[in-house]
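Report on the following structure.
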Number of protein chains: 2
Amino acid sequence: MANNELSLDRTFHALSDPTRRSVIEQLMGGPATVKSLSEPFAIGLPSFMKHIKVLEDCGLISSQKKGRVRTCEINPVQLVVVEKWLSEQRALWESRTDRLAEYVEALNAKE
Amino acid sequence: MANNELSLDRTFHALSDPTRRSVIEQLMGGPATVKSLSEPFAIGLPSFMKHIKVLEDCGLISSQKKGRVRTCEINPVQLVVVEKWLSEQRALWESRTDRLAEYVEALNAKE
DNA sequence: AAAATAGTTTGCCAAATGGTGAACTTTTTA
DNA sequence: TAAAAAGTTCACCATTTGGCAAACTATTTT
């Protein structure tokens, strides 16, 4: 569970971009090549590769090249690290008051 | 539950900075003034106020001024929005395989 | 009334971010 | 073997970020 702070910085930052979140969503369905992942987006491959690198550097995905094709895969551990920070905050808040349950209900009701 | 995308962008970005995460953590204990929130950090007030603004713009906190003092408060709804995106991803992954449980266990075991 | 406190506004800066096009390498495929 | 496909590298660009100092406005305190 090493160096949390920097890891959280990078992971939250990685998730702050819609292109990168979309890549994550795609990868949830299973591994995919860079090319196929890039297709939904109207940006060049060099730009897209930067996003892949950001995701890889923070540990959200991993990739390997075989022949001329690079295949990416999700690494759920890193998502759990982030989820954990959030739920810890939630726990802090809940220990102070228990209004959060109401908020969540209200939020769910809005859908 | 309006405009999720932009809201997620801004909220993830807000959480990608350690100063801002620390402010969130402080506020989990209850409302506090800008000054008291800024004390742990070796940065000037103008810089600190930018962080407050980022947190307020994405809806993670709210604040109000009374006299010369501005008091900030956490707004847990926005945290829940982020938690939700993450747990949706986790659900996607779990629907594909159930190895995540193992990962989480392994992670928890490391503490 | 004078001084301290808490914030705000302004203008500045270096570095990081997210994009581009062009040129290049390495496989595959035709 | 020639051409297409999939990345990669490079140099460049505008914008955003996160910091600063200085000057300013209110409000408490003393």
Side-chain angles (χ1 to χ4, degrees), chain A residues 3 5-27 30-74 78 82, chain B residues 5-27 30-74 82:
Chain A
N3 203 348
E5 278 305 293
L6 190 61
S7 160
L8 277 176
D9 286 5
R10 287 201 285 209
T11 310
F12 273 122
H13 170 250
L15 293 172
S16 73
D17 182 276
T19 299
R20 289 191 294 257
R21 279 201 310 280
S22 175
V23 168
I24 295 286
E25 287 168 6
Q26 287 184 71
L27 287 178
T33 68
V34 167
K35 195 71 211 305
S36 75
L37 287 169
S38 79
E39 263 152 16
F41 309 104
I43 65 177
L45 257 189
S47 318
F48 188 74
M49 285 301 294
K50 287 188 189 175
H51 288 301
I52 295 294
K53 190 172 185 328
V54 169
L55 288 170
E56 201 162 6
D57 285 351
C58 75
L60 277 170
I61 72 172
S62 61
S63 76
Q64 56 185 4
K65 207 172 173 179
K66 195 170 280 181
R68 69 183 161 174
V69 173
R70 181 173 292 280
T71 301
C72 303
E73 195 177 5
I74 196 80
Q78 201 55 26
V82 174
Chain B
E5 279 306 291
L6 190 61
S7 161
L8 277 177
D9 286 4
R10 287 202 284 209
T11 310
F12 274 122
H13 170 250
L15 293 172
S16 73
D17 181 274
T19 299
R20 290 191 292 258
R21 280 200 310 280
S22 176
V23 167
I24 296 286
E25 287 169 5
Q26 287 183 70
L27 287 177
T33 69
V34 167
K35 195 70 209 306
S36 74
L37 287 169
S38 79
E39 263 152 17
F41 309 103
I43 64 176
L45 257 189
S47 316
F48 188 74
M49 285 301 294
K50 285 189 188 173
H51 289 300
I52 295 295
K53 191 172 185 327
V54 169
L55 288 170
E56 201 162 6
D57 285 351
C58 75
L60 277 170
I61 72 172
S62 61
S63 76
Q64 55 184 4
K65 207 171 173 180
K66 194 170 281 181
R68 69 183 161 173
V69 173
R70 179 173 293 279
T71 300
C72 303
E73 197 177 3
I74 196 79
V82 174

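Protein chains get the first letters and strands the later ones, always in sequence-line order, with residue 1 at the start of each. Remember, predicted model here, so these are calculated numbers, not experimental data.
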* **A:K35 or B:V54, whichever maps to the more 5' nucleotide of DNA chain D** => A:K35
* Structure fact -> Between A:E73 and A:P31 the two heavy atoms that sit nearest each other are CG-CG, 4.1 Å
* Structure fact -> Note: for A:D17 and A:K66 on DNA chain C, the residue whose nearest nucleotide lies more 5' is A:D17
What nitrogen or oxygen pairs link the protein and nucleotides 8-10 of chain D at under 3.5 Å?
unit_1 : atom_1 : unit_2 : atom_2 : d
D:dT8  : OP1    : A:R70  : NE     : 3.0
D:dT8  : OP1    : A:R70  : NH2    : 2.8

* Nearest to the side chain of A:H51 - C:dA6, D:dT17, C:dG19? -> C:dG19
* Asked: Under 4.0 angstrom, heavy atoms only, what part of the nucleic acid is B:A42 near: base, sugar-phosphate, or nothing?
  -> sugar-phosphate
* Structure fact -> Residues passing the side chain to side chain donor-acceptor pair (under 3.5 Å) test with A:S16, sequence neighbours excluded, are none
* **A:I43 or A:G67, whichever maps to the more 5' nucleotide of DNA chain C** => A:I43
* Asked: Between CD of A:E39 and CD of A:Q26, what distance do you get to the nearest 0.5 Å?
  -> 9.0 Å
* To do: Using a cut-off of strictly less than 4.0 Å, decide whether A:S47 has a side-chain nitrogen or oxygen near OP1 or OP2 of C:dG18.
  => no
* To do: Quick one: do A:D9 and B:R21 satisfy side-chain contact (heavy atoms from CB on, under 4.5 Å)? Show the steps, please.
  => CA-CA 9 Å; A:D9 286 5; B:R21 280 200 310 280; 2.7 Å; yes
* Test for a donor-acceptor pair under 3.5 Å between the base of C:dT5 and the side chain of B:R68, counting only N and O atoms. => yes
